Amino acid sequence: MAEVAITFPNGEVRSYPAGTAVNEAIASWNQDVARTTVAARLDGKLVDVSHGIQDDSRLEPIDLASKEGLGILRHSISHVMAQAVKDTFDNVQITIGPSIEDGFYYDFEYAETFTPADLEKIEARMHQIVRADYPFERRELARDQAVALFSDRGESYKVELINDLPEDVKTVSLYSQGGYLDLCRGPHIPSTGMIRAFKLLNVAGAYWRGDERNKMLQRIYGTGFSTSQELEDYLRLLDEARKRDHRRLGRELDLFQMNEEAGAGLVIFHPKGTLLRTVIEDWERREHLKRGYDMVIGPQILKADLWMKSGHYDHYRENMYFTEVDGQSYGIKPMNCLSHMLIYKSKIRSYRDLPLRYFELGTVHRHEKAGVLHGLMRVRQFTQDDAHILCTPEQLNDEITAIADFVDYAMKIFGFEYEVELSTRPENSIGSDEDWNMATEALRQALESNRIAYDINEGDGAFYGPKIDFKLKDALKRKWQCATIQCDFTLPERFDLSYIGKDGEKHRPVMLHRVILGAIERFMGVLIEHYAGAFPLWLSPVQAVLLTVTDRHIPYGEGVYRQMLDSGIRVEHDFRNEKLGYKIRDAQLQKIPYMLVLGDREMESGRVTPRQRSGKNLESLGVAEFVALVKEQCARYQ
RNA sequence: GCCGAUGUAGCUCAACGGUAGAGCAGUCGAUUCGUAAUCGACAGGUUAGCGGUUCAAUCCCGCUCAUCGGCUCCA
């Protein structure tokens, strides 16, 4: 019998009879590794452990606990779930069921709706399947045979999937376990008995193939881990994440409300939320002025004709609100660019004037679909830290680089990591291919020359130009776009913007649309979750709270309060007739950075005793000293 | 917009086809207290809104609004 030479990860080469299964080879090499191997790479190709090795090759076991192994495990659990669903309910069709970042899902077509009680039934059946320890068996079938097989079984989605495969695909692979059969590329874990810890989480609707024109399927989400300890840890983490949900903290910290009577997607900022927002906006103004931006303010509504000229009417109308004034149609602005264009056009511009950078904390309205609204993250009225930069094509790279630096600086100041994406031309868009290519290249070059790592997001640009998106994550790991840089050759064209060049001729400027924090509302949402409401001193709406020990300390407290207000500290007082411990607890729950205790000792010496949010007490110090301390700790943000 | 779930006091949650209770918060009183909850009393609700079924609806049904989880879409 022929022999094959197998190279193991440690470099060891061993010889086996051809056809030896992957798991046998691994077991003979290292018994311990074999026990937790879920699949393997054979010369870089993913295979099941039951795969028979026919040629000399390099073999890398995939461990259950590795990221890849976990993905395979979860994918296998999704098959087990699909089996449990098929075993438990009639007239269910299976569609697709991949592993995802924190678990897996499977989409089903089923006339009834799955209820939470159904999930329990499904889980119960899954446990039986796991206990039965069915092997996952792979086989390959000619595609027409596979079509016939799934047609017989009434699985029309699987038939559609096979029919849509590229023509050169002649065979497909099928996996089965315990009477369940699925079309699947694999690999899978050896058998269902290897599954230790899983949980079904929720049911949701999902369009077949993610297309809203298609039928709505039912998606069951679940998660699985290699050990039950990890599962418990994950579930606890989910619970922690819920506690830092900005919608919950927004109420608990009295920052803002969304009110049913006011309308969906509309934020009402309470005093503390307004203070927080004001701190952020003040920071914005300072930083923009430092960087050569000019502050401007445009109107909230502009004539519909102007929105037609810009292309918004044709490409963005369904997101816009319109109103009528004296028989004239006006569009409520969904973006701030139009006024900025008009400012540019208000006089003849020279190349010496460029770049011009117009900055506006511009409030816009967008008619977002009801189902997408989400706390502060997705609203219908929001304020952008928006700017439009008009420059020559030669200045483009420097300007984009400066913006990327600004974003990076801002993210460091607020304490965020971020991811970068380059979004290219979408279907519904304006402008020539040539302009799009130039614009996209300008963005790409700026990213590359600054060595910024990025992903490409095909077809996700704005209708007028490509963009660089900067994404932040919320408590539940959902990504939100905050900063964005969009390169636009089209609007300057449509508005016939020009500048006089060195040559005395008219030239067309290029425009960059950009935001740094993005929508202030969304940014605040992410910020609240990022800090779990315990804002750093410079951002905290209330920086210090005065706590009297008894009523006789109130007059002293009033003096201290006055003094601190005068010094520009954001201070509150709690002079209630309550025990100190009670007031400390309250202040602690409000996540106030400094609690200043005022008792006999402080009153006599004219001092305050700060307690930090961390629970640590500082030495008593004079009011002026405390003010200086706060100012010093905020200095680098000013 | 689509699929599903939910909506009871300011908040968190009970209850039942016969018009609702608890804890916290609030108010009042007592207490004057040193680092995460002092005690007592009181008050608080057209059970999201509108309509229907019923002798009777918070509960059953329909519509609307809003929220939540997804999908699609986006800052």
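Convention: sequence-line order gives letters A, B, ...; per-chain numbering from 1. Not measured: the values here are computed from a predicted model.
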Just to be sure I follow the notation: if a pair is Watson-Crick (purine N1 to pyrimidine N3 plus N6-O4 or O6-N4) or a G-U wobble (N1-O2 and O6-N3), each under 3.5 Å, what dot-bracket string does RNA chain B give, with | for pairs to another strand? (((((((..((((....[..)))).(((((.......))))).....(((((..]....))))))))))))....
Please list, chain by chain and in numerical order, all residues satisfying side chain to side chain donor-acceptor pair (under 3.5 Å) with [X], sequence neighbours excluded.
X: His553(A); answer: Thr550(A), Asp600(A)
X: Gln257(A); answer: Asn259(A), His270(A)
X: Trp480(A); answer: Asp474(A)

I'd like to check the salt bridge (charged side-chain N to carboxylate O under 4.0 Å, His left out) partners of Arg209(A); sequence neighbours left out, ordered by chain and number.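 With neighbours one apart ignored, the set is Glu160(A), Asp164(A).
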Residues that Glu120(A) engages under salt bridge (charged side-chain N to carboxylate O under 4.0 Å, His left out), provided they are two or more places apart: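 Glu120(A) satisfies salt bridge (charged side-chain N to carboxylate O under 4.0 Å, His left out) with no residue once adjacent residues are dropped.
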Under the ring pair (Phe, Tyr, Trp, His ring centres under 6.0 Å) test, which residues partner Tyr293(A), sequence neighbours left out?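 Tyr293(A): ring pair (Phe, Tyr, Trp, His ring centres under 6.0 Å) contacts with His288(A).
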Test ring pair (Phe, Tyr, Trp, His ring centres under 6.0 Å) applied to Tyr464(A) - qualifying residues, sequence neighbours left out: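 Once residues adjacent in sequence are excluded, the partners of Tyr464(A) under the ring pair (Phe, Tyr, Trp, His ring centres under 6.0 Å) criterion are His513(A).
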Please write out each protein N/O paired with an N/O of nucleotides 71-75 of chain B under 3.5 Å, distance rounded to 0.1 Å.
unit_1: C71(B); atom_1: O4'; unit_2: Gly205(A); atom_2: O; d: 3.2
unit_1: C71(B); atom_1: O2'; unit_2: Tyr207(A); atom_2: N; d: 3.1
unit_1: U72(B); atom_1: O2'; unit_2: Glu212(A); atom_2: OE2; d: 3.2
unit_1: C73(B); atom_1: O2; unit_2: Arg378(A); atom_2: NH1; d: 3.4
unit_1: C73(B); atom_1: O2; unit_2: Arg378(A); atom_2: NH2; d: 2.5
unit_1: C73(B); atom_1: N3; unit_2: Arg378(A); atom_2: NH1; d: 3.0
unit_1: C74(B); atom_1: O2; unit_2: Arg378(A); atom_2: NE; d: 3.3
unit_1: C74(B); atom_1: O2; unit_2: Arg378(A); atom_2: NH1; d: 3.3
unit_1: C74(B); atom_1: O2; unit_2: Arg522(A); atom_2: NH2; d: 3.4
unit_1: A75(B); atom_1: OP1; unit_2: Lys467(A); atom_2: NZ; d: 3.1
unit_1: A75(B); atom_1: OP2; unit_2: Lys467(A); atom_2: NZ; d: 2.7
unit_1: A75(B); atom_1: OP2; unit_2: Gln481(A); atom_2: OE1; d: 3.4
unit_1: A75(B); atom_1: O3'; unit_2: Gln481(A); atom_2: O; d: 2.7
unit_1: A75(B); atom_1: O3'; unit_2: Gln481(A); atom_2: NE2; d: 2.9
unit_1: A75(B); atom_1: O2'; unit_2: Gln481(A); atom_2: O; d: 2.5
unit_1: A75(B); atom_1: O2'; unit_2: Arg522(A); atom_2: NH1; d: 2.8
unit_1: A75(B); atom_1: N6; unit_2: Glu368(A); atom_2: OE2; d: 3.1
unit_1: A75(B); atom_1: N6; unit_2: Val379(A); atom_2: O; d: 2.6
unit_1: A75(B); atom_1: N1; unit_2: Val379(A); atom_2: N; d: 3.3
unit_1: A75(B); atom_1: N1; unit_2: Val379(A); atom_2: O; d: 3.4

Figure out the CG/P separation between Leu373(A) and A66(B), and round it to whole Å.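 Spelled out: CG on Leu373(A) to P on A66(B) is 9 Å.
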Nucleotide N/O to protein N/O under 3.5 Å, stretch nucleotides 10-14 of chain B:
unit_1: U12(B); atom_1: OP1; unit_2: Arg251(A); atom_2: NH2; d: 3.1

In the 5'-to-3' direction, what one-character label does each nucleotide of nucleotides 32-48 of chain B receive under the scheme B = base within less than 4.0 Å of a protein heavy atom, S = sugar-phosphate only, - = no such atom? BBBBBBB----------
Please table the atom pairs, donor to acceptor, closer than 3.5 Å between any side-chain atom in residues 515-522 of chain A and protein atoms at least two apart or in another chain.
unit_1: Glu521(A); atom_1: OE1; unit_2: Thr383(A); atom_2: N; d: 2.9
unit_1: Glu521(A); atom_1: OE2; unit_2: Arg277(A); atom_2: NH1; d: 3.3
unit_1: Glu521(A); atom_1: OE2; unit_2: Thr383(A); atom_2: N; d: 3.4
unit_1: Arg522(A); atom_1: NE; unit_2: Met377(A); atom_2: O; d: 2.9
unit_1: Arg522(A); atom_1: NH1; unit_2: Gln481(A); atom_2: O; d: 2.7
unit_1: Arg522(A); atom_1: NH2; unit_2: Met377(A); atom_2: O; d: 3.1

